[in-house]
Amino acid sequence: MKNILLLDRRRFVKMSTLGASYLLLPNAVRAEEGTTYQLPSLSYQFHALEPHIDAQTMAIHLDKHHAAYISNLNTALATAPDLAKQPLETILANLPAVADESLRNTIRNNGGGHWNHDFFWKTLAPASKSGAPSSELTAAIDSTFGSMDGLKKAFGEAATKRFGSGWAWLILQDGKLKITSTANQDNPVMKGIVPDADLGKPILALDVWEHAYYLRYQNRRPDYIAAWWNVVNWRAASERFSTR
Ligand code: MN3
């Protein structure tokens, strides 16, 4: 019952009506005071990214993995009301200020997990709606990587070489595009946790945890990375780049 009580009436009605189709309302960027973080809304259905990302992977990834990060984050923040009032990105950018090591690690892993997945879902779009980078972003890609193929090659190498679980990122650092990768649920906004050389404003993110691709691609991470480019939301990426 607790979760249902946290939803507003409109959202609850939509969830009841649409079941697992997830045409829900936009998610909150921060927990409203007195409430908790909730699973975000996707602007597409689970099967909409087929065949590049399969519906079953999407469903498990959102409803099980992402949901677990949110649940753990909410449990941790319930013990730290001063932190709970802050936007998640502010907490993540100031993790060393969290004195309790256990709480800090829990927020690092689960707050990072929530932030990263929320960002990742918005970085995806059905192939038919994937669009193209803005002329401004295209110029920056050409200038930094030589071409779109150059970006894909460099990004693919970073995503392939990330040992174990983690993320590959295209970030803006000092006004320039850069590729980096992080372990586990770390991300480029985690000052004092991630090396300064890897900090920046995320433009694209790719989840390379096995849970993100194993059902369809098994051990073939490079095939998943190559397929992912078909479902990149270039409109979202271009918007992030334009507000740098
Ligand atoms: Mn994941």
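For this chain, numbers begin at 1 and follow the sequence in order. Excluded from the calculations below are hydrogen atoms, water molecules and symmetry mates; all remaining heavy atoms, backbone and side chain alike, are included. Both ligands and their constituent atoms are indexed starting at 1 by order of listing.
- Side chains of Thr243 and Lys201: a donor on one and an acceptor on the other come within 3.5 Å.
- Centred on the Mn ion (ligand 1), the NE2 atom of His211 and the NE2 atom of His61 lie at an angle of 90°, reported to 10°.
- Of the possible polar contacts, none joining the Gln185 side chain to the Gly111 backbone as a donor-acceptor pair under 3.5 Å is found.
- The nearest N/O/S atom of Asp207 to the Mn ion (ligand 1) is OD2.
- At least one donor-acceptor pair under 3.5 Å links the side chain of Arg216 to the backbone N or O of Pro51.
- Distances from the Mn ion (ligand 1) show that His117 has an N/O/S atom below 2.8 Å.
- Here His66 fails the criterion, with no N, O or S atom under 2.8 Å of the Mn ion (ligand 1).
- Comment: Arg235 does not engage Glu239 in a salt bridge, judged by the lack of any side-chain N to carboxylate O separation of less than 4.0 angstrom.
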